[in-house]
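Here, residue 1 is the first one in the sequence, and each next residue gets the next number. When reading the values below, keep in mind they use all heavy atoms of this one structure, side chains included, and skip hydrogens, waters and symmetry mates.
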Amino acid sequence: MKRQNILSVIIFALLIIPFLFNIFNSGEEGYFWGLWDAITLFIVNVGGILIFSSIFHNTKFCSKEFSVYKLIWLQELFIILGIFGSIMGVTTLIVNMEIPPPPGVDPLGSLISNMAICSLALIYGFFGAIITYMIQKYNELKPINNDTAN
């Protein structure tokens, strides 16, 4: 495996850390919020990588300019999916504002939790875009080998 592929897998694996902290949290709420962290992570980063790999699956050997174009495309995809997840969080926030909560449930807590989902989606999207940007700059600064530059 190439060095930047290993680096990107390690960095994206580190994104699961907030999910793990919430899933093993003491109390019943930890399982629920860990689930929303995992769903948000899946929608933004894993969904973005799956869409990217399904579109560019036959472009393994390509020029340096095209590989930089693919990384820029992946950055934009992460940002778009982060905004999509944020819109989903705002939508659930609006829906939960109309439904009266059951007795004993704090309605403000429900609204704040939906805003947390909205914020997490943006954070995961921009974090994925920043990592992809760093990989793109690494690829741009690599010297071109004339033997493989076809």
Side-chain angles (χ1 to χ4, degrees), residues 1-99 101 105-142 144 148:
M1 230 176 169
K2 291 183 180 178
R3 185 184 316 174
Q4 66 260 22
N5 291 344
I6 294 171
L7 180 66
S8 63
V9 166
I10 289 171
I11 291 175
F12 281 117
L14 290 176
L15 289 174
I16 302 173
I17 290 175
F19 165 69
L20 291 176
F21 279 130
N22 282 333
I23 202 93
F24 295 118
N25 191 9
S26 61
E28 297 175 5
E29 301 89 17
Y31 297 111
F32 179 70
W33 297 119
L35 176 69
W36 280 112
D37 276 349
I39 290 172
T40 307
L41 178 73
F42 183 77
I43 288 174
V44 176
N45 289 328
V46 177
I49 291 172
L50 288 175
I51 292 171
F52 175 78
S53 62
S54 66
I55 291 175
F56 293 111
H57 69 282
N58 284 332
T59 60
K60 187 173 183 179
F61 301 106
C62 58
S63 67
K64 183 176 179 179
E65 292 82 16
F66 188 66
S67 65
V68 168
Y69 167 76
K70 290 191 312 185
L71 289 171
I72 291 171
W73 197 87
L74 184 61
Q75 289 173 22
E76 293 173 357
L77 184 64
F78 280 141
I79 292 172
I80 289 169
L81 287 174
I83 292 171
F84 175 71
S86 177
I87 290 171
M88 285 178 48
V90 169
T91 304
T92 57
L93 177 111
I94 293 170
V95 167
N96 285 338
M97 285 174 58
E98 295 177 357
I99 300 173
V105 175
D106 184 22
L108 186 61
S110 174
L111 295 177
I112 290 173
S113 66
N114 288 323
M115 282 304 294
I117 293 169
C118 175
S119 301
L120 271 177
L122 281 175
I123 289 170
Y124 285 149
F126 285 119
F127 191 69
I130 288 170
I131 291 170
T132 310
Y133 178 76
M134 290 189 293
I135 294 171
Q136 171 202 345
K137 288 302 174 187
Y138 173 77
N139 282 339
E140 283 180 355
L141 296 176
K142 277 194 323 188
I144 296 177
T148 61

Just how far is it from atom [atom1] of [X] to atom [atom2] of [Y], taken to the nearest 0.5 Å?
X: Glu65; Y: Lys70; atom1: CD; atom2: NZ; value: 13.0 Å
X: Ile87; Y: Leu122; atom1: CD1; atom2: CG; value: 9.5 Å
X: Leu50; Y: Ile55; atom1: CG; atom2: CD1; value: 11.0 Å
X: Met115; Y: Leu93; atom1: CE; atom2: CG; value: 6.5 Å

Next item on the list: Considering non-hydrogen atoms only, spot the tightest contact between Ala121 and Val44 and give its length.
Entry: O-CG2, 3.8 Å
Notebook entry, point to check: For Leu74 and Gly48, which heavy atoms make the closest approach, and how far apart are they?
Noted result: CD1-O, 4.0 Å
Notebook entry, point to check: So Met134 and Tyr138, side-chain contact (heavy atoms from CB on, under 4.5 Å) or not? Walk me through it.
Noted result: CA-CA 6 Å; Met134 290 189 293; Tyr138 173 77; over 6 Å; no
Next item on the list: On the 0 to 90° scale, with breaks at 30° and 60°, tag the Trp73-Phe52 ring pair as parallel, tilted or perpendicular.
Entry: tilted
Note to self: Among residues at least two apart in sequence or on other chains, which ones pass side-chain hydrogen bond (donor to acceptor under 3.5 Å, both in side chains) with Gln75?
What the structure shows: Gln136
Could you pull out every donor-acceptor pair under 3.5 Å between side chains of residues 76-83 and any protein atom, sequence neighbours left out?
none

Item checked: OH (Tyr69) with more than 12 external heavy atoms under 6.0 Å ->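 Count not over threshold, so no.
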